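Notes follow the structure.
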Amino acid sequence: MTIDHAQLTSDQVLKRDIPWETYMTTKLITGTSLQLLKRYDKKSESQKASLLDDDGPAYVRVFVGILREIFKEETVEYVLALIDEMLTANPKRVGLFHDNSLANEDVCEPFLRLLQKGNWFIQEKSCKILALIISARPKNQYGGAANGEASKSQVTPIGDVLKGLIEWLCAQLKKPSHPSRSVPTAITCLATLLKEPLVRSSFVKIDGVKLLIPFIAPVSHPSSIPLTSSPSNQQSMQLLYETCLCIWLLSFYEPAVEYLLTSKCLPRLMDVVKSSTKEKVVRVIVLTFKNLLPKATFGAQMVDLGMPQIVQNLKVHAWSDEDLVEALNQLEEGMKDNMKKLSSFDKYKQEVLLGHLDWTPVHKDTFFWRENITNFEEHDFQILRVLITILDTSSDPRSLAVACYDLSQFVQQHPSGRIIVNDLKAKERVMKLMNHENAEVTKNALLCIQRLFLGAKYASFLQA
């Protein structure tokens with residue numbers, strides 16, 4: 001791909017003069033097509049609009065026919081620019097591609113084929129136009145019968161068109177053809193296409209969901225958005241919004257929800273919503289949370305990640321969108337229900353497994369430790385092992401201090417606590433923290449070591 005094609009604009013392309021008469025002489029277009037083109041080409045916007053109102057399907061047939069029969073790049077670019085101009089002026093004109101008079105015309109195939117051209121202008125226009133054609137397709141044409149009918153009339157089946165387009169879009173997310181426009185173009189098309197259940201299914205089948213996750217990042221940190229050239233804040237915000245829109249659309253589709261559950265999607269969305277003031281971004285993320293809340297273990301994850309506080313913070317803003325305000329209220333109620341369902345030990349366990357500890361009330365609740373001390377024996381003392389891992393790996397002073405305190409509580413409350421914690425080689429880790437620069441860490445490391453040396457019988461005399 002040359003840099004000329006990469007930087008080419010529709011305005012530049014539409015200044016060209018195309019030798020339509022020559023194409024008729026060589027029988028690449030018909031006399032009727034030539035007459036239609038002469039009436040349309042180089043005319044004012046109002047004249048073109050009038051012609052499309054009167055004879056729109058005929059022009060679609062001519063444009064698609066040229067893309068099918070003529071391979072000269074300058075002409076292909078020109079016709080794509082004409083179609084793009086037509087649809088930009090009035091997006092409803094995409095319905096012309098589905099006119100009954102074109103039922104036996106393979107309107108999608110030329111655009112699908114042109115995606116393989118080593119020319120970014122042709123790729124980008126073909127992709128956008130094809131996405132619009134598919135999204136405007138009558139719903140009854142998405143079923144199996146439509147595929148059968150399509151094969152009889154030599155029209156490319158919708159399933160094949162979708163597969164080809166989605167594979168191309170995913171390829172752009174993996175290895176962009178254009179340094180700055182490939183990713184936004186692909187995301188924009190997916191945000192249009194994923195409204196259709198058949199598209200969601202195709203996208204999930206080729207493992208496309210994971211390709212969206214890296215683009216969920218706060219705009220205040222543009223370096224975290226994996227684009228090869230630095231976009232403006234406005235472009236980054238639009239990319240973020242459309243990525244979140246894709247996730248929202250996928251949250252209606254169960255197989256996609258299963259993947260979102262095991263990805264880093266939820267914490268990434270929460271990072272964005274905490275830092276964003278753009279209402280449309282906050283709205284689509286909150287609506288996604290509302291969709292995911294009752295599914296699988298999302299409710300518990302949301303509680304663990306601090307969603308109740310995030311919702312409270314968001315409710316302080318004077319949002320103008322009524323759907324957003326209502327969704328926040330529903331999310332708040334849902335959080336309350338989930339917190340009631342989780343036992344105190346479930347909440348504690350989730351906090352530890354996430355690796356970010358804080359002085360939540362449960363840590364210093366003597367009743368909690370007495371009631372749940374045997375639960376720490378589950379899965380070969382899994383929770384104790386994770387607490388010890390936190391001592392080795394965390395750089396957060398608060399997490400280190402709380403982990404030391406919790407180990408000291410286990411030593412005090414469990415009959416064999418001292419022996420178990422020593423067997424897990426925790427003492428050496430805790431002793432290293434006694435020289436930590438943070439006073440809170442050293443205080444709780446010292447408490448833990450004292451209880452380890454004294455054992456349960458005398459440890460109760462030590463106060464935290």
Side-chain angles (χ1 to χ4, degrees), residues 187 191 209-226 236-252 256-317 319 321 323-339 341-342 346-360 394-396 398-399:
I187 296 290
V209 183
K210 70 179 182 183
L211 301 176
L212 295 174
I213 308 301
F215 300 101
I216 305 172
V219 171
S220 55
H221 302 95
S223 60
S224 62
I225 299 175
S236 298
M237 184 63 72
Q238 186 61 22
L239 176 65
L240 174 61
Y241 168 68
E242 291 181 343
T243 303
C244 293
L245 183 59
C246 290
I247 299 296
W248 174 64
L249 292 167
L250 288 166
S251 72
F252 290 94
V257 169
E258 291 175 17
Y259 181 84
L260 294 175
L261 184 65
T262 58
S263 71
K264 294 181 178 178
C265 175
L266 192 58
R268 279 178 170 268
L269 288 172
M270 291 177 75
D271 283 343
V272 170
V273 86
K274 281 190 289 187
S275 62
S276 181
T277 55
K278 197 74 171 178
E279 186 160 337
K280 67 177 185 178
V281 174
V282 174
R283 178 183 186 274
V284 76
I285 292 177
V286 169
L287 290 174
T288 302
F289 290 155
K290 191 183 84 168
N291 269 5
L292 294 176
L293 179 62
K295 297 176 181 178
T297 58
F298 274 108
Q301 281 192 36
M302 289 178 185
V303 171
D304 299 331
L305 290 167
M307 179 74 80
Q309 186 58 52
I310 291 173
V311 171
Q312 290 303 312
N313 294 342
L314 289 173
K315 289 188 71 177
V316 172
H317 293 268
W319 304 110
D321 190 296
D323 288 342
L324 171 54
V325 174
E326 183 184 351
L328 282 170
N329 289 332
Q330 292 174 344
L331 205 51
E332 182 180 38
E333 290 305 310
M335 287 291 99
K336 288 177 182 176
D337 290 342
N338 271 277
M339 290 177 76
K341 291 174 188 174
L342 287 171
D346 288 330
K347 294 175 190 174
Y348 174 81
K349 184 176 179 180
Q350 290 292 331
E351 182 187 351
V352 173
L353 292 177
L354 284 169
H356 300 292
L357 305 180
D358 205 347
W359 291 116
T360 51
S394 180
S395 58
D396 174 40
R398 181 62 52 83
S399 292

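Keep in mind it's a predicted model, so treat the numbers as computed, not measured.
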For residues L293 and F298, determine if any side-chain heavy atom of one lies less than 4.5 Å from a side-chain heavy atom of the other.
no
Is any side-chain heavy atom of V286 less than 4.5 Å from a side-chain heavy atom of K290?
no
Under a 4.5 Å cut-off applied to non-hydrogen side-chain atoms, are S263 and V209 in contact?
no
When rounded to the nearest 0.5 angstrom, what is the spacing between OG in S276 and CG in D271?
12.0 Å
Please round to the nearest 0.5 Å and tell me the distance separating atom CH2 of W319 and atom OG1 of T277.
7.0 Å
Could you check whether any side-chain heavy atom of K295 comes within less than 4.5 Å of a side-chain heavy atom of L261, counting everything from C-beta outward?
no
Ignoring hydrogens and angles, state whether a donor on the side chain of N313 or Q309 is under 3.5 Å from an acceptor on the partner side chain.
yes
Here the gap from I285 atom CD1 to L314 atom CG, rounded to the nearest 0.5 Å, amounts to 9.5 Å
Decide side chain to side chain contact (heavy atoms under 4.5 Å, CB included) for V281 and V219; before the verdict, give the C-alpha distance in whole Å, the side-chain angles of both, and the deciding distance to 0.1 Å.
CA-CA 11 Å; V281 174; V219 171; over 6 Å; no
Between W248 and F252, the two heavy atoms sitting closest are O-CD1, 3.3 Å
Which atom of E279 lies closest to which atom of D321, heavy atoms considered:
OE2-N, 2.7 Å
Side chain to side chain contact (heavy atoms under 4.5 Å, CB included) between L357 and E351, worked out
CA-CA 6 Å; L357 305 180; E351 182 187 351; 3.9 Å; yes
Distance-minimising heavy-atom pair for L287 and A327
CD2-CB, 3.8 Å
Does F289 reach the side chain of V273, with side-chain heavy atoms less than 4.5 Å apart?
yes
May I ask you to check whether over 12 heavy atoms, not counting those of K315, lie within 6.0 Å of atom NZ?
yes
Using every non-hydrogen atom in the two residues, find where S251 and T288 come nearest and quote the distance to one decimal.
CB-CG2, 4.3 Å
Looking at every non-hydrogen atom in both residues, tell me the closest pair between C246 and I187 and how far apart they are.
SG-O, 4.0 Å
Quick one, V303 and M335 - any side-chain contact, counting heavy atoms below 4.5 Å?
yes
What's the spacing between L240 CG and M237 CE if we round to 0.5 Å?
6.5 Å
Distance from L305 atom CG to H356 atom NE2, nearest 0.5 Å?
8.5 Å
Are Q312 and E332 packed together at the side-chain level, in the sense that at least one heavy-atom pair is separated by less than 4.5 angstrom?
yes
Side chains of Q238 and K280: any donor to acceptor distance under 3.5 Å?
yes
Rounded to the nearest 0.5 Å, how far apart are CG of L266 and CG of L260?
9.5 Å
Is any side-chain heavy atom of L292 closer than 4.5 Å to a side-chain heavy atom of M302?
yes
Minimal non-hydrogen separation, V272 against P218, with atom names:
CG2-N, 3.8 Å
